[in-house]
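Numbering starts at 1 and runs along the sequence shown. Nothing here was measured: the structure is a model prediction, and the numbers come from that model.
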Amino acid sequence: MASYLDNDIKYLAGVGEARARLLAAEAGIRTLGDLIYYFPFRWIDRTKLWRIADIGEDFGETYVQIRARVRGKQFIGTGRGQRLSVMVGDGSGSAELVWFRGVKWIEKRLEPGREYVFFGRPHFFRGEFGMVHPEVENPEAAAGRPTGALQAVYSTTEKLTNANLGTRGIAGLVAAAWPMVEGSIGETLPEGVIEAQGLVGLREALFNIHFPQSPSALKAAEYRLKFEELFGIQLDILSKRSRRLTREEGFVFPRVGDYFNTFWSEKLPFPLTGAQKKVIKEIRADTVSGRQMNRLLQGDVGSGKTLVALVAMLLAADNGFQSCMMAPTEILARQHFASVSRMTEGLGLRVAILTGASKAAERREALEGIASGEVDILIGTHALIEDKVRFANLGLVVIDEQHRFGVEQRARLWTKNERPPHVLVMTATPIPRTLAMTLYGDLEVSVIDELPPGRQPIQTFHKTDADRLAVWGFLRREIAKGRQVYVVYPLIKGSEKMDYKDLYDGYESITRDFPRPGYQVIAVHGKMKAEDKQTAMREFKEGLAQIMVATSVIEVGVDVPNATVMVIESAERFGLSQLHQLRGRVGRGGSQSYCVLVSGEKLSREARQRLAAMVETNDGFELAELDMKLRGSGDLAGTQQSGLAFDLRIADLGRDQQIIELTRRVAGEILDRDPLLADPDNILLRALRERFTPRTPKDFSMIS
Ligand code: ADP
Ligand code: MG
């Protein structure tokens with residue numbers, strides 16, 4: 001049955017063709033239903049009136065509303081720079097209100113001696129409260145609002161605002177659409193769930209999200225809509241998971257053979273940590289179960305994930321299967337290739353490499369070797385997923401530092417086989433538990449929560465540009481002990497030119513302060529050719545230079561145990577997870593290592609918190625949790641591309657962790673009783689799951 005919700009937005013009064021096109025392009029709104037699901041992101045209380053005297057510089061609210069009398073007004077300046085300054089007072093104090101635009105009109109409207117209601121963002125100038133461009137209302141109009149009612153604020157864009165579709169314009173459309181669609185809004189959750197969870201009905205929730213009648217009504221509406229969203233996601237994820245676990249289609253690796261045994265008894269360079277052993281056991285259990293392994297291995301930088309991957313690949317080889325290992329960068333792929341080749345020397349395994357920079361001979365050798373089955377282990381970058389790459393019998397895929405790969409890229413690797421290979425995804429970006437539950441709900445999670453013995457915790461300091469001399473002095477002392485140091489500059493997409501300038505300036509000043517022949521400085525950055533980068537890295541590793549100046553390209557995968565100091569310049573411009581990754585580049589040998597965060601003097605509160613957290617703790621999980629709290633999940637490294645194939649409209653993976661856990665439990669209980677949701681009572685849940693099932697190719701599950 002057609003519903004008003006499906007009606008084209010262009011027929012709504014006040015829209016029309018042109019604005020309809022804008023709404024679609026700028027906000028994805030095509031139908032009345034889209035408009036109703038375009039939720040506000042904030043609500044403001046327009047019934048509260050503040051006393052001017054109570055609005056001090058520590059005022060916590062984003063908006064303020066006052067009722068005050070016009071005491072005087074004057075134009076300041078002339079021509080385009082002219083502004084209107086109006087002094088108002090409410091008996092408790094006075095404030096200056098300023099307009100830069102429409103000044104003539106405002107000046108005429110505001111009569112001296114009369115009272116108005118002013119609403120806007122508070123501003124403080126030399127400690128004095130004022131407002132710029134406040135909204136003006138007559139007190140009678142303002143008094144007409146129901147007490148406790150809140151006003152919705154919608155996100156908008158410049159183009160929409162120019163077409164009179166700022167937050168007020170959008171609110172007007174929603175108000176016009178509501179009476180038309182109200183009757184078409186059916187319930188989407190079964191009565192049982194609504195009752196058990198104490199939720200409000202969908203229609204009530206949608207009404208109150210746009211027109212909250214009270215703060216508590218708004219809260220109930222938000223909760224209901226978040227619940228629905230997260231519940232739908234969990235139904236999808238848990239259904240996939242149970243399907244994967246009931247299908248018997250995984251390759252079985254029953255043998256522990258010569259490759260593994262010889263490596264274990266003769267090649268293993270050090271005893272494994274307890275955590276490494278535990279994870280190897282988990283992988284072993286997966287690969288004999290008959291089900292396909294789909295495991296996420298989380299381990300902090302330096303925790304020894306590569307070795308675990310190697311052991312898994314040896315098990316595959318012992319059972320006649322090929323493996324491949326995909327790394328996010330050329331440098332890292334080469335490094336893995338070198339260390340895997342070294343550690344498997346003499347075992348009779350064939351290891352090959354394939355990257356975008358592979359020369360013809362290397363490429364041919366790899367492609368032919370894997371197609372014929374002669375190559376046992378293939379290591380490379382995303383060149384591995386090119387169509388030309390054909391495996392004879394791929395049994396295991398290892399993906400290192402997975403957050404760098406897009407969902408589609410992963411899906412392509414997995415479809416190289418008729419039967420899905422086992423998959424081990426490794427990441428050093430710790431993902432908080434609830435986020436992992438949602439992004440990787442279909443993956444088993446292993447954690448290496450122990451560093452190899454003998455590592456001393458890295459000491460971290462926060463310094464400002466003013467401390468530079470002291471920082472350089474510290475570097476000189478470390479270098480005098482025979483150690484090496486990194487100095488890293490930010491490289492942020494979109495402002496690359498400026499960033500390279502930072503790097504070049506930094507390089508110049510460092511070579512001036514650390515001159516030859518006493519000091520050798522090497523620079524590495526993203527614009528260099530892969531070969532040159534490798535050469536520079538190798539020279540640094542061999543100790544030919546004491547200082548490496550770099551952009552954040554070294555973030556992933558440099559392993560130089562003799563490097564003991566990481567200096568991060570403009571540290572306030574890095575996110576927490578990136579800072580932590582960079583810090584993990586030192587502290588890889590037995591010596592005490594240091595991380596020095598250098599920032600400007602003036603910092604935002606958030607930047608200050610980030611840097612303080614870095615100084616405080618070395619625990620990547622703790623930092624990841626904090627990161628999520630500070631920023632919400634939206635900006636978390638890699639979340640955009642790591643699996644969530646749709647936008648959350650109202651829930652936030654960072655802030656709504658409790659609801660995530662709750663919905664996972666509720667969804668799990670229902671699916672336990674009715675795995676296919678075939679029960680007529682669950683018909684609404686099937687539709688809900690369907691709504692939250694990502695469409696290929698964005699689908700990140702390999703079995704859908
Ligand atoms: P990551 O988990 O960051 O990928 P790597 O696998 O690169 O860590 O290991 C970091 C360093 O620790 C490497 O030099 C590796 O050889 C070393 N290492 C790994 N496991 C152990 C262990 N059990 N004992 C001592 N050193 C280890
Ligand atoms: Mg690694």
Side-chain angles (χ1 to χ4, degrees), residues 456-492 498-526 528 533 536-537 539-555 558-574 578-603 607-608 610-616 618:
Q456 302 181 48
I458 299 163
Q459 290 183 25
T460 303
F461 305 99
H462 175 202
K463 300 282 168 192
T464 64
D465 293 320
D467 306 319
R468 180 148 326 267
L469 279 182
V471 173
W472 279 180
F474 176 66
L475 295 190
R476 286 202 185 88
R477 288 195 296 282
E478 278 294 301
I479 291 170
K481 288 189 217 158
R483 310 272 188 261
Q484 291 164 284
V485 307
Y486 299 105
V487 183
V488 175
Y489 292 87
L491 180 59
I492 294 165
M498 209 179 93
D499 290 324
Y500 282 114
K501 185 174 174 303
D502 281 358
L503 176 77
Y504 291 133
D505 291 352
Y507 179 74
E508 288 219 324
S509 90
I510 287 171
T511 45
R512 207 168 36 240
D513 291 336
F514 295 85
R516 291 163 187 267
Y519 297 97
Q520 310 293 323
V521 183
I522 284 184
V524 178
H525 56 81
M528 285 164 77
K533 241 189 276 183
M537 293 282 186
E539 288 177 359
F540 188 63
K541 191 162 179 155
E542 286 167 1
L544 298 181
Q546 297 90 353
I547 302 177
M548 171 171 281
V549 178
T551 51
S552 31
V553 287
I554 66 156
E555 183 189 346
V558 184
D559 191 8
V560 182
N562 189 46
T564 56
V565 187
M566 167 65 65
V567 179
I568 305 176
E569 296 282 348
S570 304
E572 70 270 33
R573 291 169 63 188
F574 289 90
Q578 223 185 351
L579 289 173
H580 181 63
Q581 293 287 314
L582 284 168
R583 176 165 63 182
R585 296 302 117 201
V586 296
R588 308 203 132 213
S591 329
Q592 176 63 55
S593 293
Y594 307 90
C595 175
V596 186
L597 308 168
V598 184
S599 76
E601 302 276 351
K602 280 211 154 170
L603 293 175
R608 201 170 287 286
R610 278 201 302 273
L611 300 181
M614 283 291 293
V615 172
E616 188 97 341
N618 272 306

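Between Lys602 and Glu572 there is no salt bridge, since no side-chain N of the basic residue sits under 4.0 Å from a carboxylate O of the acidic one.
Residues Asn618 and Ile458 approach most closely at ND2-O, 3.0 Å, considering heavy atoms. When all heavy atoms are compared, the tightest approach of Tyr594 to Val586 is O-CG2, 3.8 Å. Pairing each heavy atom of Val560 with each of Phe540, the nearest pair is CG2-CD2, 4.1 Å. The minimum heavy-atom distance linking Ala536 with Val524 is given by the pair CB-CG2, 3.7 Å. When all heavy atoms are compared, the tightest approach of Ala466 to Glu601 is CB-OE2, 3.5 Å.
Here the straight-line distance linking atom CD of Glu569 with atom OG of Ser599 works out to 10.0 Å at 0.5 Å rounding. To the nearest 0.5 Å, atom CZ of residue Arg483 and atom CD of residue Glu478 are 6.5 Å apart. A distance of 9.0 Å separates CZ in Arg477 from CG in Leu475, rounded to the nearest 0.5 Å. Once rounded to the nearest 0.5 Å, the distance linking CE of Met566 with CG of Leu579 reads 10.5 Å. Atom CZ of Arg583 is separated from atom CG of Leu597 by 7.5 Å, given to the nearest 0.5 angstrom. The structure places CZ of Arg588 at 10.5 Å from OG of Ser593, a figure rounded to the nearest 0.5 Å.
Arg608 meets the side chain to side chain contact (heavy atoms under 4.5 Å, CB included) test with Leu603; sequence neighbours excluded.
Of the possible polar contacts, one joining the Asn562 side chain to the Gly482 backbone as a donor-acceptor pair under 3.5 Å is found. A donor-acceptor pair is defined here as one N or O able to donate and one able to accept, closer than 3.5 Å; such a pair exists between the side chain of Arg610 and the backbone of Phe574. Side chain of Gln484 to main chain of Val565: no donor-acceptor pair is present (N/O by atom type, distance under 3.5 Å, no hydrogens or angles).
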Residues 541-549, side-chain donor-acceptor partners within the protein, below 3.5 Å, at least two apart:
{"residue": "Lys541", "atom": "NZ", "partner": "Asp559", "partner atom": "O", "Å": "3.0"}
{"residue": "Gln546", "atom": "OE1", "partner": "Gln520", "partner atom": "N", "Å": "2.6"}

His462 vs Met614, test: side-chain contact (heavy atoms from CB on, under 4.5 Å). Steps then yes/no. CA-CA 9 Å; His462 175 202; Met614 283 291 293; over 6 Å; no
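Separation of the Tyr507 and Tyr489 ring centroids does not fall under the 6.0 Å cut-off.
A perpendicular orientation is assigned to the rings of Tyr504 and His525, their planes being inclined by more than 60° (bins at 30° and 60°).
The environment of Glu539 atom CD is dense: over 12 non-hydrogen atoms of other residues, nucleotides or ligands sit within 6.0 angstrom.
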